[in-house]
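Worth knowing before you read on, the calculation uses all heavy atoms, side chains too, and leaves out hydrogens, waters and symmetry mates. Sequence lines set the chain letters: A, B, ... in the order given, protein chains first and strands last, and positions in each chain run from 1. Since the model is a prediction, treat every value here as computed from it, not as a measurement.
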Amino acid sequence: MLDLSVAQLFADPPSHLGKMVRLKGWVRTRRDSKAGISFIHLSDGSCFDSAQVVVANTVSNYASEIQKLTASCAVIAEGEIVASQGKGQSVEMIATSVEVVGWVEDPDTYPISPKAHSFEYLREVAHLRPRTNTFGAIGRVRHCLAMAVHRFFSERGFCWIHTPIVTGSDCEGAGQMFRVSTLDLANLPRTPEGKVDFSQDFFGKETHLTVSGQLNVETWCMALSKVYTFGPTFRAENSNTSRHLSEFWMIEPEIAFASLIEDAQLAEDLLKYMFKALLNERPSDMKFFADRIDKECITRLERLVDSPFERMDYTAGIRHLEAAIAKGHKFEYPVSWGTDLQSEHERYLTEQLVGRPVILMNYPKDIKAFYMRMNDDGKTVAAMDILAPGIGEIVGGSQREERLDMLDKRIDEMKLDRAAYWWYRDLRRYGTVPHAGFGLGFERTLIYATGMTNVRDVIPFARTPKSCDF
RNA sequence: UCCCUCGUAGCUCAAUGGUAGAGCGGGCGGCUGUUAACCGCCAGGUUACUGGUUCGAGUCCAGUCGGGGGAGCCA
């Protein structure tokens, strides 16, 4: 008896005709024919489609068990693969036995019915939502894209660097951090000055969850040349939007002997590689997203893969926005050189002006981070954001300031503490080279690819302000 | 954190300040090589919570909690 996944069955249906096989999975639907036949749709998550198992009343447990099967009962079915007499599937199993491994104890209260549920509701039953069509597809697409990321970098000679999750540096920059501590909150040790005595904490100092692997991965870039991180990242911001999670996954490559030009090209190549892999490897999942979630999602990816990204200087972007205003376009917020773009401005550029992702480059120094490389004009830094229609910023990156004197100047201007960055500054003292990198938000990439509208629905278990169930 | 909005059966949603309903799902029965099957019957409710106005509140008011959308922050 051959154990088969549903994916294996449908990968080459003719090759299984006439064979006795075993399928294991969960019941999606059961339809009875009182002529003495039941049809079970069996899903094992290995692919989008479920397999039809035909069970005749000659099977010993037909009346006692088969006819009592409801959605999500776990079963092991054995039988012969035959050409289907019905429509909707090429082959099916004629079962010789169906063993019920796990019952649904009260079908009346089973939270997932074969009908449409709202995504908001399904978040409340996140432990069961993987059993739905949408979240099964999300799980497979997420895996496919993650593997594509690793393949892309590995094929190009990058090393995956496991940067730390717990960080002792309070200088990572972006955003509020989660504290990591084993101190007794009800009985905090104090210094003579009355402050919390972190020297008694687990690591002997204040520690937090990382908000970015970038500073750490730069150190390995200065030795292995081409490196990347891919792991979870934590932000304690009180952000309540469809694009923010408190715990999310980010891909951060860093390349030595490279400028912003190569950095932008790397980001474009990565996104195209990921989406090409998705279209090739998960066609039936993508067809589902196109049918039920966003009918544009496949054509959007095909168009992206086939055409070069638009590249535009921040300064040119401002001119385009001013031209739009002159032609009568109304924005809620004013546009002027030197200010950060509002969501509505980014939307206009990527959705209306270009209609594709836009790489916006060379931003004013005052709205960007201290480590970004100063351009020769003294006003802008070699930063880039990739803006995607419907999402906004999907990539944020820059060429890094490799000149110690320039870096120190920026640290001072921003009133940061040089000493806190001692090891980061060391990289500029010992064999510094021009280098660049970026961060790609994995969940934002997923919503762009699938047409899902909320990052909470493309991660298995969402962590957001006031919400950390499961 | 700010603005807007929503919270009714397991789920999706109705209900002018006046007896809380439908579809799906579930149970039972009928019918059929079925495909989100179909037909009939039955069960299923502290209307998020607390307080208030009123003869009477799912409905109006206040507060709390939670969800969603948008903004800010960012990926």
Side-chain angles (χ1 to χ4, degrees), chain A residues 28-41 49-56 67-68 70-72 82-89 92 94 104-125 128 132-133 173-176 211-214 232-252 267 292 332-333 340-344 346-347 367-369 385-388 391-397 438-448 453-459 462 464-467 469:
Chain A
R28 278 298 178 83
T29 61
R30 187 199 87 233
R31 291 179 297 276
D32 295 331
S33 159
K34 282 287 155 53
I37 284 180
S38 287
F39 299 90
I40 296 168
H41 269 151
D49 294 308
S50 48
Q52 176 156 277
V53 177
V54 184
V55 192
Q67 290 196 292
K68 294 190 170 71
T70 57
S72 268
V82 300
S84 179
Q85 294 175 37
K87 292 174 187 143
Q89 59 280 319
E92 63 192 17
I94 303 293
V104 169
E105 64 170 29
D106 183 2
D108 192 34
T109 59
Y110 178 62
I112 311 277
S113 65
K115 271 298 212 193
H117 295 284
S118 69
F119 293 133
E120 293 80 11
Y121 167 70
L122 289 171
R123 280 173 215 150
E124 295 170 13
V125 287
L128 300 172
T132 63
N133 283 332
Q176 289 289 107
V211 294
S212 165
Q214 181 200 320
T233 312
F234 307 86
R235 305 269 167 99
E237 295 287 353
N238 191 8
S239 296
N240 294 290
T241 83
S242 57
R243 305 180 308 283
H244 289 86
L245 293 164
S246 307
E247 176 184 277
F248 65 100
W249 288 62
M250 187 157 64
I251 297 138
E252 297 176 287
R292 294 299 187 89
E332 192 182 339
Y333 292 90
D340 216 349
L341 297 180
Q342 303 291 321
S343 287
E344 56 172 347
E346 296 182 348
R347 280 229 166 90
I367 59 173
K368 288 294 181 182
D385 284 356
I386 299 185
L387 311 177
I391 300 170
E393 187 179 341
I394 190 171
V395 165
F438 62 84
L440 169 65
F442 192 53
E443 284 75 24
R444 288 187 182 178
T445 308
L446 271 158
I447 61 177
Y448 182 77
T453 55
N454 196 314
V455 287
R456 292 165 200 169
D457 298 324
V458 295
I459 191 166
T464 55
K466 297 286 189 306
S467 174
D469 298 325

query = Of all the choices, B:A71, B:C74, B:G33, which nucleotide is nearest to the side chain of A:Q52 once you look at every atom?
reply = B:G33
ask   = For B:U35, does OP1 or OP2 lie under 4.0 Å from any side-chain N or O of A:R28?
value = no
ask   = So does A:E92 reach the base of B:G33 with its side chain, donor to acceptor, closer than 3.5 Å?
value = yes
task = Taking atom C1' in both B:G17 and B:U54, compute the distance separating them and give it to the nearest angstrom.
result = 9 Å
task = With P as the reference atom in both, quote the distance from B:U32 to B:U47 in angstrom, rounded to an integer.
result = 44 Å
request  = Check every atom of B:A71, B:A75, B:A37 against the side chain of A:S343 and return the nucleotide holding the closest atom.
outcome  = B:A71
key: Check ion pair A:R28-A:D49 (N to O, under 4.0 angstrom)   = no
query = So, does the side chain of A:S239 form a donor-acceptor pair with the base of B:C74 at under 3.5 Å?
reply = no
inquiry  = Using the C1' atom as the point on both nucleotides, what is the distance between B:A22 and B:G45, in whole Å?
reply    = 15 Å
key: Span that lies between the C1' atom of B:A20 and that of B:G67, in whole angstrom   = 23 Å
ask   = A:E393 side chain: which of B:C74, B:G72, B:G67 is closest?
value = B:C74
inquiry  = Between the base of B:C38 and the side chain of A:R31, is one N or O donor paired with an acceptor at under 3.5 angstrom?
reply    = no
query = Within the pair A:T70 and B:G25, is there a side-chain N or O less than 4.0 Å away from OP1 or OP2?
reply = no
key: Among B:C73, B:G33, B:G69, the nucleotide that comes nearest once only the side chain of A:E237 is considered   = B:C73
message = Quick check for you: among B:A71, B:G68, B:U35, whose closest atom lies nearest to any side-chain atom of A:Y333?
response = B:A71
Whole angstrom value for the distance that separates C1' of B:G29 from NZ of A:K68 = 15 Å
Selection from B:C73, B:A71, B:G33 that lies nearest to any side-chain heavy atom of A:S84 = B:G33
query = Below 4.5 Å, heavy atoms only, C-beta onward: do A:T233 and A:E247 meet side chain to side chain?
reply = no
query = Do A:N240 and B:U1 have a side chain to base donor-acceptor pair shorter than 3.5 Å?
reply = yes
key: Complementary nucleotide for B:G7 - Watson-Crick or wobble, under 3.5 Å   = B:C65
key: Nucleotide nearest A:I94 (side chain, heavy atoms from C-beta), chosen from B:G68, B:U1, B:G33   = B:G33
key: Residues A:Y110 and A:S72: side-chain donor-acceptor under 3.5 angstrom   = yes
Base-contact (B) and sugar-phosphate-only (S) positions in nucleotides 6-12 of chain B, heavy-atom cut-off under 4.0 Å, - elsewhere = ----SSS
ask   = When you compare B:G25 with B:C41, how far apart are their P atoms, in angstrom units rounded to a whole number?
value = 16 Å
inquiry  = Using the side-chain heavy atoms of A:H244, tell me which of these nucleotides is nearest: B:G33, B:A75, B:G67.
reply    = B:A75
message = Categorize A:R30 for me: base, sugar-phosphate, or nothing, with a 4.0 angstrom heavy-atom threshold over every strand shown.
response = nothing
remark   = Out of B:U35, B:G69, B:A75, minimum distance to the side chain of A:F248 belongs to B:A75
